[in-house]
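Worksheet: the structure to be examined is printed underneath.
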Amino acid sequence: MYQKPKGTRDLFDKELRRLQAMNAAARDFFTRNGYEEIRTPSFEFAALFDRSIGTTTDIVEHEIYRFEVNKKTYALRPEGTASVLRAFIENKLTLPARFLYICSMYRRERPQKGRYREFQQIGIELLGENKPFFDAEIIDQGKRYLVLIGAKDFTIELNSIGCPDCRGKYREKLGSFLQNHMTDLCSDCKRRFERNFLRIFDCKKETCQRVYDEAPKITDNLCHECAEHYHKVKEYLNQFGIDYAENKKLVRGLDYYTRTVFEFKHGGLGAQDTIIAGGRYDLLMRELGGQDTPCTGWAMGPERLLLTMSEDLPVLDQKETFYIAGMGERYITKIVRLRDQIQGKGHRCLLGDPGEPIKIQVKRANKCNATYTVIYGEDEEKNGYYTVKNMQLGEQQKVLIQEFDAFLANVRGK
RNA sequence: GUGAGUGUAGCUCAACCGGCAGAGCAUUGGACUGUGGCUCCAACGGCUGGGGGUUCAAAUCCCCUCACUCACCCCA
């Protein structure tokens with residue numbers, strides 16, 4: 001028996017419809033807010049991600065699906081931002097630009113709750129705005145979207161990780177503080193400090209966290225410009241009416257972030273409880289060969305919401321279903337026409353095999369969750385009506401053929 | 001890549017200290033030849049994930065392996 005690859009999922013039925021409802025809501029909502037959908041390739045030249053995400057991250061080192069064809073190295077995209085910027089540069093698009101993407105991403109991680117090897121992301125990017133107002137604005141976008149689809153149990157955490165200038169000075173300061181606490185740190189943290197020093201704050205060990213509680217924070221060591229920017233972001237968030245918690249230990253995994261970073265966390269999710277994460281990345285566009293362009297953006301994992309609040313999410317509305325039970329093969333031409341008539345009014349309609357006994361066909365109708373079964377046989381033909389059975393109430397009525405269009409017009413979905 | 005837990009019928013799960021592999025739901029048929037669901041009756045369904053070992057005897061104990069789950073690493 002064939003199995004799906006580890007970390008992939010088959011989506012169908014309600015789960016898929018809920019995901020589609022979230023996607024539809026995102027398209028509608030973000031389009032109204034000026035974000036244009038963009039679709040970039042599922043795979044790119046691997047160098048793009050190596051450059052953008054940062055060569056010291058685990059994603060680049062172990063988690064990218066790489067493959068080589070004809071001496072060229074490609075990679076399945078592990079995230080969306082790099083591709084969007086590449087597309088912006090390559091297509092010579094103009095600023096300011098707002099993009100929405102809804103795509104699958106791929107990372108070769110060990111699966112766990114809320115983490116898959118192929119997963120969906122809904123993301124927005126705002127290119128060409130450097131003012132702190134827009135940091136607040138995209139956070140507002142995320143919050144309003146979550147509220148729109150019915151999410152309640154989430155919190156917003158905010159921090160600033162400054163620019164390379166303040167980060168360099170801060171690194172020395174943090175380094176000298178940690179000198180005296182090296183023995184208290186786990187081996188992971190010692191490695192983190194060398195590779196991507198801000199990430200030590202993500203450590204889950206209590207012994208390490210006790211040290212970091214006392215350590216100097218990047219937030220308190222920003223250069224004047226970064227501090228001013230951060231101050232403004234917080235001020236604007238207050239004016240937007242957005243509740244957030246400042247988390248001075250909040251940092252980000254990807255190398256390209258500057259200044260503002262944030263996460264939306266949702267309850268009931270286990271270890272992977274971040275549903276939206278993002279921030280400002282003012283240096284990435286240049287890094288990828290474009291003009292100096294300040295940018296902000298975030299990505300969301302809709303499957304995580306599915307996991308924790310599936311029952312509360314809107315389901316893409318299901319159409320009422322008709323099932324036609326003809327009583328004899330000589331009625332095939334008639335019932336095919338009847339099907340066209342019903343579908344022409346926008347309803348879902350399935351056919352039973354008119355060669356089968358009526359009992360079997362009604363049973364099938366029930367299995368197919370039909371709202372109505374339309375029965376057509378000798379008596380109906382002779383007297384010019386359809387027998388319409390309401391499957392929920394178990395009642396049936398005769399509807400004259402010339403009145404059937406009117407009947408269809410009055411039918412509502414479940 | 002590391003650690004822990006779990007694999008028994010299509011699904012959810014039983015099976016005591018090693019002693020005949022079971023139930024509910026689902027499926028199929030019947031009670032019911034122009035009417036599904038509800039009820040009752042019956043049937044179908046298993047290499048106990050796979051391989052090896054210990055034993056008179058293994059779903060049960062041991063080893064290997066595969067899969068799934070959760071957590072670490074990392075991250076949406």
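Letters A, B, ... mirror the listed sequences (proteins, then strands); counts begin at 1. For the numbers below, each heavy atom of this structure counts, side chains included, while hydrogens, waters and symmetry mates do not.
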Side chain of [X] only, please: which of [options] is the nearest?
{"X": "E109(A)", "options": "G36(B), G1(B), C74(B)", "result": "C74(B)"}
{"X": "R191(A)", "options": "C74(B), A76(B), C72(B)", "result": "C74(B)"}
{"X": "F119(A)", "options": "A76(B), C74(B), A71(B)", "result": "A76(B)"}
{"X": "R110(A)", "options": "G36(B), U2(B), C73(B)", "result": "U2(B)"}
{"X": "R108(A)", "options": "G1(B), U35(B), U28(B)", "result": "G1(B)"}
{"X": "K367(A)", "options": "C70(B), U27(B), C73(B)", "result": "U27(B)"}
{"X": "T387(A)", "options": "A71(B), C74(B), U35(B)", "result": "U35(B)"}

Whether [X] side chain and [Y] backbone form a donor-acceptor pair below 3.5 Å:
{"X": "R117(A)", "Y": "Y106(A)", "answer": "no"}
{"X": "N91(A)", "Y": "A87(A)", "answer": "yes"}
{"X": "N221(A)", "Y": "K217(A)", "answer": "yes"}
{"X": "E125(A)", "Y": "L100(A)", "answer": "no"}
{"X": "Y212(A)", "Y": "C203(A)", "answer": "no"}
{"X": "T8(A)", "Y": "P5(A)", "answer": "yes"}
{"X": "E79(A)", "Y": "A82(A)", "answer": "yes"}

Would you measure the distance from the [atom1] atom in [N] across to the matching atom in [M] and give it in whole Å?
{"N": "A23(B)", "M": "G52(B)", "atom1": "P", "result": "30 Å"}
{"N": "G51(B)", "M": "A9(B)", "atom1": "P", "result": "16 Å"}
{"N": "U55(B)", "M": "A14(B)", "atom1": "P", "result": "31 Å"}
{"N": "U60(B)", "M": "U48(B)", "atom1": "P", "result": "10 Å"}
{"N": "C25(B)", "M": "U6(B)", "atom1": "P", "result": "29 Å"}
{"N": "G45(B)", "M": "U54(B)", "atom1": "C1'", "result": "33 Å"}
{"N": "C68(B)", "M": "U12(B)", "atom1": "P", "result": "15 Å"}
{"N": "G7(B)", "M": "G50(B)", "atom1": "C1'", "result": "11 Å"}

Considering every strand shown, what is the Watson-Crick or G-U wobble mate of [N] when both distances are under 3.5 Å?
{"N": "C16(B)", "result": "none"}
{"N": "C74(B)", "result": "none"}
{"N": "G7(B)", "result": "C66(B)"}
{"N": "G45(B)", "result": "none"}

Between the base of [N] and the side chain of [X], is there a donor and acceptor pair under 3.5 angstrom?
{"X": "K359(A)", "N": "U35(B)", "result": "no"}
{"X": "R115(A)", "N": "C74(B)", "result": "yes"}
{"X": "Q396(A)", "N": "U35(B)", "result": "yes"}

Worksheet item: Should Q341(A) and D405(A) be marked as a side chain to side chain donor-acceptor pair (under 3.5 Å) after you check the CA-CA gap, both sets of side-chain angles, and the distance that decides it?
Response: CA-CA 8 Å; Q341(A) 183 184 359; D405(A) 262 342; 3.1 Å; yes
Separation of [X] atom [atom1] from [N] atom [atom2], in whole Å?
{"X": "Q3(A)", "N": "G50(B)", "atom1": "CD", "atom2": "P", "answer": "13 Å"}
{"X": "Q272(A)", "N": "C74(B)", "atom1": "CD", "atom2": "C1'", "answer": "9 Å"}
{"X": "E356(A)", "N": "U28(B)", "atom1": "CD", "atom2": "C1'", "answer": "14 Å"}
{"X": "H266(A)", "N": "A76(B)", "atom1": "NE2", "atom2": "P", "answer": "18 Å"}
{"X": "K363(A)", "N": "A31(B)", "atom1": "NZ", "atom2": "C1'", "answer": "12 Å"}
{"X": "R195(A)", "N": "C74(B)", "atom1": "CZ", "atom2": "C1'", "answer": "9 Å"}
{"X": "K389(A)", "N": "G36(B)", "atom1": "NZ", "atom2": "C1'", "answer": "6 Å"}
{"X": "I64(A)", "N": "G1(B)", "atom1": "CD1", "atom2": "P", "answer": "17 Å"}

Under 4.0 Å between any heavy atoms, over every strand shown, what does [X] touch: base, sugar-phosphate, or nothing? Just pick one.
{"X": "A277(A)", "result": "sugar-phosphate"}
{"X": "Y323(A)", "result": "nothing"}
{"X": "R364(A)", "result": "nothing"}
{"X": "D379(A)", "result": "base"}
{"X": "Q361(A)", "result": "nothing"}
{"X": "G278(A)", "result": "nothing"}
{"X": "I275(A)", "result": "sugar-phosphate"}
{"X": "K204(A)", "result": "base"}
{"X": "M105(A)", "result": "nothing"}
{"X": "G114(A)", "result": "base"}
{"X": "E263(A)", "result": "nothing"}

Response to the item:
Whichever of I360(A) and I375(A) has the more 5' nearest nucleotide on RNA chain B, that residue is I360(A)
Worksheet entry | Closest-nucleotide 5' rank along RNA chain B - winner of A299(A) and E395(A) |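 So the residue in question is E395(A).
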Item to complete: Tell me whether the guanidinium CZ or amine NZ of R171(A) lies under 6.0 angstrom from the six-membered ring centre of F193(A) and within 45° of its axis.
Response: yes
